[in-house]
Amino acid sequence: MYFYTLSLPLKEYEKFLISNEETIDSGFTIFNAIMTSLKSLDLDYSSKNHVRKFLRALPLKWRAKVTAIEEAKDLATLPLDELIRNLKVYEMVLDNDGVASDS
């Protein structure tokens, strides 16, 4: 039973993806719940792992922004909340350009 309890949050973390229809807020809510589950099992990954994981989970329409962040920021020291704020600003730009609703 313990193995099952342990493996479920790990699987959720490893398979975490954000769909084209999801907002940054909704994706982060799910991601945060997964991180909380991992912490409750004493499996707290480092912040830099969370930042990289969240960036990899974004849909293809975010690829240009992800590349820009990777080139401009030190991902090892970038706080997750700063990343989320940055992505939310870009999400507003995508919404204004009509891109966020496209596939």
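Remember, predicted model here, so these are calculated numbers, not experimental data.
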May I ask you to check whether His50 and Tyr13 place their ring centers less than 6.0 Å from one another? yes
Indicate yes or no: at least one non-hydrogen side-chain atom of Ile30 is less than 4.5 angstrom from one of Glu22. yes
Output the distance between atom CE (Met92) and atom CG (Asp95), rounded to the nearest 0.5 Å. 9.0 Å
Contact summary for Leu87 and Trp62, nearest pair of heavy atoms: O-CH2, 3.4 Å
Electrostatic pair Lys73-Glu82, nearest N-O below 4.0 angstrom: yes
Sub-4.5 Å side-chain heavy-atom contact between Asn32 and Met35: yes
Using a 4.5 Å cut-off on heavy atoms from C-beta on, say whether the side chain of Thr23 contacts that of Ile18. no
Flag, side chain of Glu71 to backbone of Ala68, donor-acceptor distance under 3.5 Å: no
Where Lys61 and Asn20 come nearest, the two heavy atoms and their spacing: NZ-O, 3.0 Å
Less than 4.5 Å apart, any side-chain heavy atom of Asp81 and any of Ile84? no
Using every non-hydrogen atom in the two residues, find where Leu55 and Glu70 come nearest and quote the distance to one decimal. CD1-CG, 4.4 Å
May I ask you to test the Asp74-Leu78 pair for a side-chain heavy-atom distance under 4.5 Å? no
Of all heavy-atom pairs between Asn86 and Lys65, which one has the smallest distance, and what is that distance? OD1-CE, 2.9 Å
Less than 4.5 Å apart, any side-chain heavy atom of Arg56 and any of Lys53? yes
Shortest non-hydrogen contact from Val66 toward Leu58: CG2-CD1, 3.7 Å
Taking C-beta and beyond as the side chain, do Ile24 and Tyr90 meet within less than 4.5 Å on heavy atoms? no
Is it true that Val51 and Val89 fall in one hydrophobic cluster, defined by side-chain heavy atoms closer than 4.5 Å? no
Cluster overlap Phe54 with Leu17, hydrophobic side-chain contacts below 4.5 Å: no
